[in-house]
Enquirer: 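Right, I'll just put the structure down here and ask away after.
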Amino acid sequence: MEFMETIKVTKAATSKLREVDFNNLGFGRYFTDHMLMAKYQDGRWQAPEILPYGPICFDPAMATLHYGQSIFEGVKAFRMQDGRSAIFRPYENLKRFNRSAHRMEMPEISEDIFIGGMRKLLQMEDKWIPHEVEHAMYIRPFMFGTNELLGVMPSSSYLFMIILSPVGPYYAAPMRIQVEEKYVRAVEGGIGRAKTAGNYAASLHPFAIAQKNGFDQILWTDAHEHKYVQECGTINIFFLVDGRLITPSLANGTILEGVTRDSVIKVARDIGIPVEERNISILELIEAHQAGLFTEAFGTGTAATISKVQEIRYKDRSLLFEPLQFKLADTLKAKLTGIRDGIEPDVHNWMLPVFE
Ligand code: COI
């Protein structure tokens, strides 16, 4: 890609790579040597640059600090079995990023900057892409308004950045999740569909309560009746009921349009599993569980990949599962991992090589 060659690069004086314990990465704790930055000003994107990773300095009146005009993405690059590296479905993240930008009244970003910038940065940091099983390079593109002005209005200047973090699995063990009945993540017409900072900030208090009660996650429900399930904050949710894979529909704009969610739906259909995207009530899940028909529950996300659920708590009732017996979750995870590792055929053309 010609554009990539035009990106100005300032190299870090030394590399931190040797200081990183790749067997104990956790999630989002380590960052590579470089980062990408592009400024939006005077109504257009300026040429992006790659710089040594480091702090950035802003005026205390910077708009985003006060009004939260900020969006982000989560993408992963994988080390394939033949040693090459590839990015998983980054064009889907680009599309979602621009949908989030639209909802938050921010400028769209070009494919050149988003995809070209990401590839160029990954090419420079290729040695950082982990070889360990279930590890990956987590790619975090983000954008925020940089106006220095306290009026509530869309910023006229923005910063787009990409940082890279080698990561291990996000959830180490099967999750225990609590159905949320007091707080709300999103309502029709709100910002639930956008990957914007405020959605995550708003989840922290209810999440802290759930954690105090011993749960790993919240299962959000609809804002009107707390009757229909939505998602779990960092993951979309799937249930296997009577041989059918069901997941909340995207139709009313209250849940995140997960790239892993979409991939799981496609892979499930590829192997002949019926998938339904629709409204799912807690009552339906309880009844199916009582009848012995509800056999698997798992979450999907870029960070979390496919994470099994061992318990769903609703009021004083627990729906318990046996994650070690989950055949479908294991099959779907193996298929996705196979595609990412380059050992299953990439029939949907999902992997974008880091190098040409
Ligand atoms: C992701 O899965 O990429 C996410 O954005 C979830 C999260 C870690 C905030």
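Order of listing sets the numbers, starting from 1, for every ligand and every atom in it.
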Enquirer: Taking the side chain as everything from C-beta on, heavy atoms only, tell me whether Tyr314 gets closer than 4.5 Å to Glu181.
Expert: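 Yes; the side chains approach each other to less than 4.5 Å.
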
Enquirer: Please could you name the atoms of ligand 1 that Ala303 approaches to less than 4.0 Å, counting only its heavy atoms?
Expert: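 By the 4.0 Å cutoff, the relevant atoms are 1 (C), 2 (O), 3 (O), 8 (C).
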
Enquirer: In this structure, is the centre-to-centre distance between the rings of Phe72 and Phe144 below 6.0 Å?
Expert: no

Enquirer: With nothing but distance in play, are any N or O atoms of Tyr170 less than 3.5 Å from an N or O of ligand 1?
Expert: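 No, since none of the N or O atoms of Tyr170 sits under 3.5 Å from an N or O of ligand 1.
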
Enquirer: Does the pair Arg261 and Glu92 meet the rule for a salt bridge (charged side-chain N to carboxylate O under 4.0 Å, His left out), with working shown?
Expert: CA-CA 12 Å; Arg261 174 188 182 279; Glu92 294 309 308; over 6 Å; no

Enquirer: Please check whether Thr234 reaches ligand 1 - meaning an N/O of the residue sits under 3.5 Å from an N/O of the ligand, judged on distance alone.
Expert: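 No, there is no polar N/O contact under 3.5 Å.
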
Enquirer: For the pair Phe238 and Phe298, name the ring-plane relationship: parallel under 30°, tilted 30 to 60°, perpendicular over 60°.
Expert: parallel

Enquirer: Is the contact between Lys195 and ligand 1 made by the side chain, the backbone, both, or neither, using heavy atoms and a 4.0 Å cut-off?
Expert: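 Only the side chain of Lys195 comes within reach of ligand 1.
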
Enquirer: Hey, does Phe27 come in under 3.5 Å of ligand 1, counting only N/O atoms on both sides?
Expert: no

Enquirer: Tyr200 versus ligand 1: do any nitrogen or oxygen atoms come within less than 3.5 Å of each other?
Expert: no

Enquirer: Just checking His135 against Phe22, ring centres under 6.0 Å apart?
Expert: no

Enquirer: Could you list the atoms of ligand 1 found under 4.0 angstrom from a heavy atom of Tyr138?
Expert: 1 (C), 3 (O), 4 (C), 5 (O)

Enquirer: At less than 4.0 angstrom from any non-hydrogen atom of Gly74, what atoms of ligand 1 do you find?
Expert: 3 (O)

Enquirer: Look at Asp330 together with Lys308 and state whether they make a salt bridge at an N to O cut-off of under 4.0 Å.
Expert: yes

Enquirer: Which of the atoms of ligand 1 are close to Phe72, meaning less than 4.0 Å from one of its heavy atoms?
Expert: 5 (O)

Enquirer: Under the criterion salt bridge (charged side-chain N to carboxylate O under 4.0 Å, His left out), I'd like the reasoning laid out for Lys195 against Glu73: C-alpha separation, chi angles, the key distance, then a yes or no.
Expert: CA-CA 7 Å; Lys195 204 160 173 67; Glu73 274 303 318; over 6 Å; no

